[in-house]
Every structure is written in structure tokens, then in C-alpha cells.
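What follows is a short report on a single structure.
Indexing begins at 1, ligand by ligand and atom by atom, following the structure's order.
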Amino acid sequence: MAKKTSVLATGGAGFIGSHVVVELVDAGYDVVIIDNFENAATDVLQRIARITGTEVPTYAADVRDRELVRHVLGRHGIDVVIHLAGKKAVGESVAEPLMYYDANIGGGIALLEAMGAEGVGKLVFSSSATVYGPGDAPMDESHPVGPSNPYGRTKLMLEEVINDAVLAGKISVALSLRYFNPVGAHRSGLIGENPRAVPNNLFPFVAQTAAGWHDRVRVFGDDYGTPDGTGVRDYIHVVDLARGHVAGVAHLLSGRMQRGHERLNLGTGRGHSVKEVLAEFSRQCGFEVPHEIVARRPGDVAACVANPQRAEHLLGWRAERSFEEMCADHWAFQRAVLRQEAEPAA
Ligand code: WQD
């Protein structure tokens, strides 16, 4: 029987990573995980197995361990690497920039060296819309970059490192996927965003407030130049985002891209405001989610929405799940966390 294509997912036990692993397994790939479990619960592996019926080989390790990464690449005959491991809290990155440069840039360089040493040439990198400078209209990949925090700068810098690694022939092809705002959860309620600390992001905070974990949502300003004055973002369902990675892997395997590095926006192309998020969660949970207008959060922009046409054209991928589904699935996962159990896998 022909060998199945093998994919290594670094950070595969995290919020995005676990959804990417589920979609890869469902698409017929052999998958291996490397995760240091700094920001992931170990029971996520059992939850992935319940959803997919597959035990995914997992190494509890850090991508900076070059020898371990080389061992995994060789032992499993990895064909493509999806690099999701990294630190992603904007506020923390401002307070601890060196930790972010070490983890995100150091980790990326170690991975690229291991890939070069083992002759693994195909990479999908988890980048972010925070590489862009401000802009109220939908952004395509030519929008000027201008990250406003160390986290965003690590993403942009690693894109450049990857670009130079491709130009030097250390790896052959790479896609940097620039995520807009990933939200929602797998329909089973088994995997989703369950941050250990109080979340900074809107969706998990609204869901936790609806669940009674906080007394109210603080709306960071209602005086932006947006239709209702509150911040507008391009929320994308995490399952759509995960399927964008599967489409990216298929694109790299297709041979359509012999050499080079593409940056692609993964978003829906539609924006929703804070007030719209609150209204939809209130509708879903059957009561008004308590909230209060407070001062703007430093560093926030009015709007950040994708023009996703390049990803749609190159990958034949587009986000399919509605804003309502994002809120429903996020709320269902929050309830499942509350019950400490989840509905049987779909
Ligand atoms: C969304 C909107 C806030 C919380 C961040 C990271 C980015 C990416 C996605 C990794 C804004 C408002 C929020 C709250 C609020 N992560 N808000 N009250 O800032 O667009 O992006 O997450 O790649 O790197 O920066 O997302 O969810 O924090 O904010 O009013 O308690 O909700 O002002 O308008 P953001 P967010």
C-alpha cells in the first residue's frame, strides 16, 4: 500500500492546532504532533482521538530541541510541516519581548534548521493579521505591514526568515497563512478555546461572561469611526481556518508551486463589531450579556478585515461558516466546559 502523506503539526495540541490536526486526519493524512503543552491541556489528545478515531503520535517537547525535531522528521518520514507552536498573547509580548523573540523566532529557526538537515522542504507557517499596519478597508496581502507589538513583529520577522531560507534553498516551498480573528469550536464541543488565564480576546470573554464567570464585558470604546462606534474584526470559524491549512498542504503537495514563499490572508472578508458579537451571544443564550462601555484599549485599531481572494484563488478555499455558527459553536463549547463533558463526537 502506498505510504500516506505525513504531516508534522508543531503546536498541534493548542486551540488552532487541535482543529488543524482533526481536519488533517479526516482528510486522510498521517499526522504527528510536537507540543510543549505550555498552553494546551494534555486531555486534548484523547479528545482528538474521540473525534477522529485515531491516536495521533505526540511528542511533548519544544521545537527548539533540534535533535528531537530531526528525530521526529526522520522517524515518521514527514513530508510537510505545519508550524503553529509559539506564544501569541499581545499584552504578554509587550511585557516580555525577549521571551517572545526566543520562543517564536528561535523556535522557527531551530525548526527550519532541522527541516534542512532532514531534507523536509515543505512548510505551512501560522502567521497573523497583526503583521499589517492600520487600514479600515479590507486588506489584501499587499497592504503595508506595520506590526504594533512584539508578538506581531515576531510573526513578520519569521516570515522574512522563512523567505530567506527558501531563497537559500534550505527549504523549497512555504505558505505563511495570516490569520484574522479565529473563533468558534468543533461542533462536538470536545475541542475549543479554553484559556487558562482570563482571556484578553473578545469571544472567549463574552462566552465566559454569558456562563457567569465574569460580571460584565467591558467594551473598549464606542467612539471609533465604525457603523456603531465599536471595533470591527474579521472573525473566522476555527474549523474554516483549519481547512485552510489542509488546502495549503494539498497546494504544496500538488507541485503547482515548485519553489517560493506565498503570504495568504485567512479571513472571511466580512467584519462584525463588538456590539454585534454581544447581540448574537445574547440571542444564542437567551438573555442580555451584561456589558459596559469603557475607555479604548491602547493599541487597538477601529477595523481589521481581510480581502481573502488570493487564498480563495490559490488554494480553492473559502470560509463557509456563518457569524451565527461561530457564536453558536463557541457558546456550545463554553457550556461543555461548564459541564466538564461534551456531547458525543459528531
Ligand atoms: C476584538 C475586538 C477589542 C476584548 C487579537 C490579537 C491578534 C490575534 C487575534 C493572534 C476589539 C474588543 C476585546 C474585550 C472588547 N491573535 N474587545 N472587550 O485585538 O483584534 O486581535 O486576537 O494572532 O494577534 O491582537 O482581538 O478579541 O482582543 O479584540 O471590547 O474584553 O473586541 O477592542 O475591537 P484583536 P480581540
Side-chain angles (χ1 to χ4, degrees), residues 11 14-17 20 39 83-94 100 103-104 125-136 139 145-156 158-159 176-184 193 195 197-210 213-238 241 244 263 265-268 271-281 289-306 323 326-327 330:
F15 167 46
I16 312 290
V20 169
N39 193 24
H83 182 40
L84 300 128
K87 292 181 172 298
K88 64 168 190 173
V90 170
E92 185 184 49
S93 80
V94 175
Y100 270 66
N104 293 0
F125 170 51
S126 164
S127 189
S128 169
T130 43
V131 303
Y132 290 119
D136 289 344
M139 309 174 178
V145 292
S148 60
N149 55 72
Y151 161 76
R153 280 189 278 278
T154 66
K155 289 297 187 181
L156 183 59
L158 192 49
E159 285 187 12
S176 287
L177 303 181
R178 292 172 169 174
Y179 304 172
F180 279 69
N181 288 61
V183 295
E193 188 174 15
V198 174
N200 296 314
N201 290 138
L202 180 67
F203 260 66
F205 197 93
V206 170
Q208 289 182 0
T209 304
W213 293 12
H214 311 294
D215 60 1
R216 73 204 184 295
V217 174
R218 293 169 302 150
V219 176
F220 297 143
D222 65 347
D223 57 351
Y224 286 100
T226 60
D228 66 19
T230 61
V232 170
R233 295 293 183 274
D234 186 331
Y235 298 104
I236 176 172
H237 197 293
V238 64
L241 187 78
R263 281 88 163 186
N265 289 342
L266 294 193
T268 67
H272 287 90
S273 72
V274 177
K275 282 183 178 173
E276 286 176 298
V277 172
L278 286 165
E280 184 56 28
F281 264 91
V289 176
H291 59 276
E292 174 195 2
I293 308 293
V294 300
R296 291 184 177 191
R297 177 171 65 177
D300 273 351
V301 296
C304 183
V305 176
F323 176 67
M326 297 176 208
C327 297
H330 211 115

**Asked** Does anything in residues 198-208 pair up under side-chain hydrogen bond (donor to acceptor under 3.5 Å, both in side chains), and if so which pairs, sequence neighbours excluded?
**Response** Gln208-His214

**Request:** Over all heavy atoms of both residues, which pair between Leu84 and Tyr179 is shortest? Give the atoms and the distance, please.
**Result:** CD2-OH, 3.2 Å

**Item:** Asn104 side chain to Lys87 backbone, donor-acceptor under 3.5 Å
**Value:** yes

**Message:** Looking at every non-hydrogen atom in both residues, tell me the closest pair between Asn265 and Tyr132 and how far apart they are.
**Reply:** OD1-OH, 2.6 Å

**Message:** Between Asp234 (side chain only) and Ala306 (backbone N and O only), is there a donor and an acceptor less than 3.5 Å apart?
**Reply:** yes

**Side-chain donor/acceptor of Lys88 to backbone N/O of Tyr151, under 3.5 Å** = no

Dump all N/O pairs between ligand 1 and the protein below 3.5 Å as a table: atom names plus distance, one pair per row.
from     : atom 1 : to     : atom 2 : distance (Å)
ligand 1 : 18 (N) : Arg218 : O      : 2.8
ligand 1 : 19 (O) : Arg297 : NH2    : 2.9
ligand 1 : 20 (O) : Asn181 : ND2    : 3.1
ligand 1 : 20 (O) : Arg233 : NE     : 2.6
ligand 1 : 22 (O) : Asn201 : ND2    : 2.9
ligand 1 : 23 (O) : Ser128 : OG     : 3.1
ligand 1 : 23 (O) : Tyr151 : OH     : 2.7
ligand 1 : 26 (O) : Asn181 : ND2    : 3.2
ligand 1 : 27 (O) : Asn201 : ND2    : 3.4
ligand 1 : 27 (O) : Leu202 : N      : 2.7
ligand 1 : 28 (O) : Asn201 : ND2    : 3.1
ligand 1 : 28 (O) : Arg297 : NH1    : 3.3
ligand 1 : 28 (O) : Arg297 : NH2    : 2.8
ligand 1 : 29 (O) : Arg297 : NH2    : 3.3
ligand 1 : 30 (O) : Phe220 : N      : 2.9
ligand 1 : 33 (O) : Asp300 : OD2    : 2.6

